[in-house]
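The next block holds one structure in the form of structure tokens; read it before the comments.
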Amino acid sequence: MRLKGKVAVITGAASGIGKQMAETFAAEGAKVVIADLNINDAKATAQAITNNNGIAMGIGMDVCNEQQVESAISEVIAAYGGIDILISNAGIQYISPIESLPFAEWKKILAIQLDGAFLTTRACIKDMYKSGKGGCIIYTGSVHSHEASPLKAPYVTAKHGLLGLCKVIAKEGAKHNVRANVICPGYVLTPLVEKQIPEQAKELGITEEDVVKTVMLKDTVDGEFTTTEDVAQVALFLAAFDSNALTGQSIVVSHGWFMQ
């Protein structure tokens, strides 16, 4: 029970990596807040955790909406007394070459992944400072926080931006015992990635099988996808590592795709 008594807010937690993180944290004793754009999915995920003897609540949150973020975090503080852990995980993808990329899609991806990270960080860190207990902030980055791939200009830009935000928070938060780190997964077979396979096949003029073998997994050491459990275990390690010795860092979880 490495997180017993801790309160963890996880955005985009009704599916994929975020959901696995929520389940893992609840099993380790954390009170988990499932924050998701779809409030029904958030509440359903929270109920499933509760049914499994965990403690969870589901809230609707558009991470790009300042008022919604502030209101939701206030609701969490009122319910659980404070926030110890924030995982900024919400994100989307859009596949397009730069010459035909709609500006609206560029802005949408950057808003969710950068504006959302900023707004949730600001809302949670104020409570972490005020409580005097410090806290842990984790950003879900990507190997694309370090590497570029064709057809993903806004996503790569946003994921690189999270590294910069993390480093600033690590420096500003240190005196308040708030640490910040970025997890950088490789390809994980979530709905977000599964959707990309036919999209990339169409854009690149290759088969879906070739997308997996020659695009997604070609630089791994074993040709394997990263799993949601892999990422959740790294998040657990960071959340339970109660020292500023590990802050301002990115940890790549990718079967060897990109080695620092």
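Once rounded to the nearest 0.5 Å, the distance linking CD of E229 with CD of Q20 reads 4.5 Å. Distance CD/E105 to CD1/I95: 11.0 Å, rounded to 0.5 Å. Distance CG/N181 to SG/C136: 6.5 Å, rounded to 0.5 Å.
With respect to E172 and K167, no salt bridge is recorded, no charged nitrogen being found less than 4.0 Å from a carboxylate O. Of the charged side-chain nitrogens involved, at least one lies within less than 4.0 Å of a carboxylate oxygen, so that R122 and E70 count as a salt-bridged pair. Residues K202 and E208 are not paired through a salt bridge, judged by the lack of any N-O separation under 4.0 Å between the basic side chain and the carboxylate.
A side chain to side chain contact (heavy atoms under 4.5 Å, CB included) with I183 is found for exactly one of I17, D230, I87, V231, namely V231. V252 pairs with exactly one of S142, P185, C184 by the side chain to side chain contact (heavy atoms under 4.5 Å, CB included) rule, that one being C184.
With N89 contributing its side chain and T11 its backbone, the two residues share a donor-acceptor pair below 3.5 Å.
With ring centers used as reference points, W257 lies 6.0 Å or more from H146.
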S145 and Y139: side-chain hydrogen bond (donor to acceptor under 3.5 Å, both in side chains), yes or no, with the steps? CA-CA 11 Å; S145 295; Y139 301 102; over 6 Å; no
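The aromatic rings of H144 and Y155 sit perpendicular to each other, their planes meeting at more than 60°, with 30° as the lower class boundary.
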